[in-house]
Asker: 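Can you read through this structure? Questions will come right after.
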Number of protein chains: 2
Amino acid sequence: MGIAVNIGQAAEASGVSAKMIRHYESIGLVPRADRRDSGYRDYGPQDVHRLGFVRRARDLGFPLERIRVLLGLWGDPGRSSAEVKALALSHIGELEDKARHLQEMADVLRGLALSCDGDGRPDCPIIAGLEAGPVPPSGPCTGRPTSRSSSAKPPSRRSPSPDRR
Amino acid sequence: MGIAVNIGQAAEASGVSAKMIRHYESIGLVPRADRRDSGYRDYGPQDVHRLGFVRRARDLGFPLERIRVLLGLWGDPGRSSAEVKALALSHIGELEDKARHLQEMADVLRGLALSCDGDGRPDCPIIAGLEAGPVPPSGPCTGRPTSRSSSAKPPSRRSPSPDRR
DNA sequence: GTTGACCTTCCCATGATGGGAAGCCGCAAG
DNA sequence: CTTGCGGCTTCCCATCATGGGAAGGTCAAC
């Protein structure tokens with residue numbers, strides 16, 4: 001029937017790129033599309049609708065494997081909304097964990113940046129913060145052990161044999 | 001001197017896995033480590049220190065390419081803290097953009113989940129929300145199905161059946 | 001029929017990390 | 001000294017979602 005469209009139209013209508021539609025088919029996220037004699041894929045309204053479903057789920061950050069489950073629930077008349085809700089809540093938790101993690105990193109970095117003059121001098125608490133931590137044993141406390149890639153390292157360190165353990 | 005260590009010790013001391021240390025070397029993020037006659041990599045305190053720098057930068061979410069720049073600034077006595085700060089601020093912006101994006105997705109999903117009963121029945125606003133959007137009408141739009149009237153599927157939101165035809 | 005836009009499949013790349021295989025090396029116990 | 005085990009080497013593959021591009025077939029307008 002005329003309602004069958006090319007992958008290009010399906011892509012435009014669903015918001016999923018043709019590349020991704022083929023990919024989703026290849027991993028079995030969506031069923032194999034019908035083909036014309038020429039090999040061209042044919043998409044009916046339901047197919048496009050399903051692709052839109054996938055796209056909106058992706059927009060909400062669901063990974064494809066979870067979308068696979070969602071599609072199963074979508075098509076299951078006997079599903080319970082509890083299943084869907086549990087899946088959603090679990091995903092919300094993951095999203096917020098990630099958001100929190102990113103925000104924490106930003107906060108730490110902002111703390112360092114706040115105390116950075118940002119002028120022409122090299123002294124920088126940001127660099128110092130990154131440099132912090134376990135200072136190598138027997139190494140200079142190095143308020144700024146900078147020149148290291150440019151200048152050769154004076155301290156001896158290349159004995160083939162000594163391997164302590 | 002005993003300060004030269006194996007990749008294993010360097011990994012443990014720096015918090016960067018041996019796998020990653022080799023990878024960083026292969027992409028030139030850190031200079032090629034000295035080798036013993038056996039081919040074993042040798043890491044001095046400075047090398048371990050640099051790896052720690054990389055790890056802390058990673059912990060703050062810097063991508064490797066940016067860490068490459070940071071390492072350059074670190075080792076540049078003539079750097080200006082303004083450069084470092086600009087890099088950091090730019091990165092903070094990206095982190096917060098991502099965090100905001102994730103949080104937005106979580107919020108939208110939470111909104112849907114709040115109105116979901118989560119009981120044994122199939123009716124679910126979450127599924128409905130994912131399904132929302134232009135429902136493909138079975139109308140004569142052979143050529144270009146672009147302008148589709150919104151929502152044309154009132155009957156039974158149960159069992160849209162992902163399987164088609 | 002020609003042409004240009006579209007479709008097909010297949011391979012490669014991203015970014016950061018890990019897993020694992022095949023084979024060499026180092027050290028300690030026998 | 002030999003054996004054995006664990007650590008080291010390189011190389012390839014996998015992840016996750018997406019895109020780029022090549023080589024070649026198809027469709028529709030002119």
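Convention: sequence-line order gives letters A, B, ...; per-chain numbering from 1.
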Asker: What's the CG-P distance between A:D59 and D:dT18, to the nearest Å?
Answerer: 9 Å
Asker: In whole angstrom, what separates B:R36's CZ from D:dG7's P?
Answerer: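 In whole Å, D:dG7 P lies 14 Å from B:R36 CZ.
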Asker: Strictly below 4.0 Å: does A:R22 bring a side-chain N or O up to OP1 or OP2 of C:dT8?
Answerer: yes
Asker: CZ of B:R41 to CD1 of B:I7: how many Å apart, nearest 0.5 Å?
Answerer: 5.0 Å
Asker: Rounded off to whole Å, could you give me the CG-to-C1' distance for the B:D34 and D:dC8 pair?
Answerer: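 Going from B:D34 (CG) to D:dC8 (C1'), I get 16 Å.
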Asker: Compare side-chain N and O positions of A:N6 against OP1 and OP2 of C:dC6 and report whether any pair is under 4.0 Å apart.
Answerer: no
Asker: Does CZ belonging to A:R36 count more than 12 external heavy atoms closer than 6.0 Å?
Answerer: yes
Asker: Whole angstrom is fine here: how far is it from CG in A:D42 over to C1' in D:dT26?
Answerer: 13 Å
Asker: If you only use heavy atoms from C-beta on, which nucleotide in C:dA16, D:dG21, D:dT18 is closest to the side chain of A:K19?
Answerer: D:dG21
Asker: Just the rounded figure in Å: distance from P of C:dG26 to CD of B:Q9.
Answerer: 14 Å
Asker: Distance check: side-chain N/O of B:S17 vs OP1/OP2 of C:dT17, anything under 4.0 Å?
Answerer: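 For B:S17, the contact criterion (side-chain N or O under 4.0 Å from OP1 or OP2 of C:dT17) is not met.
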Asker: Just the rounded figure in Å: distance from P of D:dT15 to NE2 of B:H23.
Answerer: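 The distance from NE2 of B:H23 to P of D:dT15 comes to 18 Å, rounded to the nearest Å.
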Asker: Indicate whether the side chain of A:D119 and that of B:S81 have a donor and an acceptor atom separated by less than 3.5 Å.
Answerer: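 The answer is yes; a qualifying pair exists.
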Asker: Specify the separation, in whole Å, of atom OH of B:Y40 and atom P of C:dC27.
Answerer: 9 Å
Asker: Indicate the ring-plane relationship of B:W74 and B:H49, choosing parallel, tilted or perpendicular according to the 30° and 60° boundaries.
Answerer: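 Taking B:H49 first and then B:W74, their aromatic rings stand perpendicular (interplane angle over 60°).
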Asker: For A:R35, which contact category applies under a 4.0 Å heavy-atom criterion: base, sugar-phosphate, or nothing?
Answerer: sugar-phosphate
Asker: Using a strict threshold of under 4.0 Å (side-chain N to carboxylate O), is an ion pair present between A:E131 and B:R50?
Answerer: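 A salt bridge is absent here (no side-chain N lies under 4.0 Å from a carboxylate O).
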Asker: Is any side-chain nitrogen or oxygen of A:R58 closer than 4.0 Å to OP1 or OP2 of D:dT18?
Answerer: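 Yes, A:R58 has a side-chain N/O under 4.0 Å of OP1/OP2 on D:dT18.
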Asker: OP1 or OP2 of C:dG26 versus the side-chain N and O atoms of B:S38: is any pair under 4.0 Å?
Answerer: yes
Asker: Using whole Å, what does the distance between atom C1' of nucleotide D:dG19 and atom OH of A:Y24 come to?
Answerer: 12 Å
Asker: Heavy atoms from C-beta onward define the side chain here; which of C:dG18, C:dC7, D:dT9 lies closest to that of B:M20?
Answerer: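 From the listed options, C:dG18 comes nearest.
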Asker: Phosphate oxygens OP1/OP2 of D:dC8: is one of them under 4.0 Å from a side-chain N or O of B:R41?
Answerer: no
Asker: Identify whether any heavy atom of A:F62 sits under 4.0 Å from a base atom; if not, whether one sits that close to sugar-phosphate; answer base, sugar-phosphate or nothing.
Answerer: nothing
